[in-house]
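The residues of the chain are indexed from 1 along the displayed sequence. Given the structure is predicted, the values throughout are model-derived calculations rather than measurements.
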Amino acid sequence: LAICMVIICGALLIADAPYLHDFGEWLYQSQILKNLLVQPEVVPGFSIIPYPVPNSLPTVLMAILGFFMPGLWAGKVFLVLLLIAWLPVIRLFVRRHVDNALRPSTTLIMYALLALPTFFWYGFVSYQLALLLFTWFLAIDDARVKPASIFLFSVAIFFAHAVGFVVFVA
């Protein structure tokens, strides 16, 4: 798993751009948001909507990264951080729900199915971020989970992806 992570993350960082089908649009929107906050005159005709918008969390996170690095690097770093974030979440989930003997193979299978599936390569980062948050919630969910935690996860998942939010609420 570690070798796979190094190869994939290295390829994302070395490539001229992350050539993931839908990802360019996410990156474009994050740069528009960043420019709206610092140089609104360079993006005329765009505005920030004043009400909650599902699927906006990846855009906001990449815009924040864009304050510290060029836009393309913000996208690359976001993808690498997303892939790295899966490791502790899956480990936590597996530690909680899987027998000791099956943990290594289950971790590898879950990483392949959740962190590197088709929707990652298509660039559906909002869906993947919602799935990451939902898996994290399932890893910690028990009778002692406080309503505030449930609320925070539901808000984060709403802003990550609308469909993930509907599943979480159900």
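A distance of 10.5 Å separates CG of Leu27 from NZ of Lys76, quoted to the nearest 0.5 Å. Here the CD1 atom belonging to Ile8 is positioned 7.5 Å from the CG atom belonging to Leu12, to the nearest 0.5 angstrom.
Remark: of the listed residues Ile157, Leu129, Val155, Leu129 is the sole one forming a side-chain contact (heavy atoms from CB on, under 4.5 Å) with Leu57. Of the candidates Leu65, Asn35, Thr59, Leu61, Thr59 is the only one forming a side-chain contact (heavy atoms from CB on, under 4.5 Å) with Ser30. The side-chain contact (heavy atoms from CB on, under 4.5 Å) test with Thr135 is passed by exactly one of Leu131, Leu138, Leu133: Leu131.
Counting only distance, with no hydrogens or angles, the side chain of Ser149 and the backbone of Val145 share no donor-acceptor pair below 3.5 Å. The main-chain N or O of Ala63 is never found under 3.5 Å from a side-chain atom of Gln31 such that the two would form a donor-acceptor pair.
Of all heavy-atom pairs spanning Val89 and Ala139, the tightest one is O-CB, 4.3 Å. Nearest approach of Met110 to Val94, heavy atoms of both residues: SD-CG2, 3.7 Å. Residue Phe159 comes nearest to Val53 through the heavy atom pair CD2-O, 3.4 Å, listed as atom of the first residue, atom of the second, then distance. The two residues Ile84 and Met5 have their closest heavy-atom pair at CG1-CE, 3.7 Å. Across Pro54 and Ala162, no two heavy atoms sit closer than the pair CB-CB, 3.8 Å. Closest non-hydrogen pair, Gly66 versus Lys34, comes out as O-CD, 3.3 Å.
Under a hydrophobic clustering in which Ile, Leu, Val, Met, Phe, Trp and Tyr are joined whenever their side-chain heavy atoms come within less than 4.5 Å, directly or via other members, Leu132 and Ile140 fall into the same cluster. Note on Ile49 and Ile32: separate hydrophobic clusters, where clusters join Ile, Leu, Val, Met, Phe, Trp and Tyr whose side-chain heavy atoms are under 4.5 Å apart, directly or indirectly. Under the 4.5 Å side-chain heavy-atom criterion for Ile, Leu, Val, Met, Phe, Trp and Tyr, Ile14 and Leu116 are members of distinct hydrophobic clusters. At a threshold of 4.5 Å between side-chain heavy atoms, the hydrophobic network of Ile, Leu, Val, Met, Phe, Trp and Tyr places Tyr111 and Leu113 in two separate groups.
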Problem set entry | Stepwise ring pair (Phe, Tyr, Trp, His ring centres under 6.0 Å) test for Phe93 and His97 | CA-CA 6 Å; Phe93 183 89; His97 297 290; 4.6 Å; yes

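Aromatic rings of Trp136 and Phe153 (six-membered ring for Trp) have centroids within the 6.0 Å cut-off, being under it.
Heavy atoms from other residues, nucleotides or ligands lying under 6.0 Å from CZ of Phe67 number more than 12.
In this structure, Phe119 and Val125 have side chains that are not in contact, with every pair of non-hydrogen atoms separated by 4.5 Å or more.
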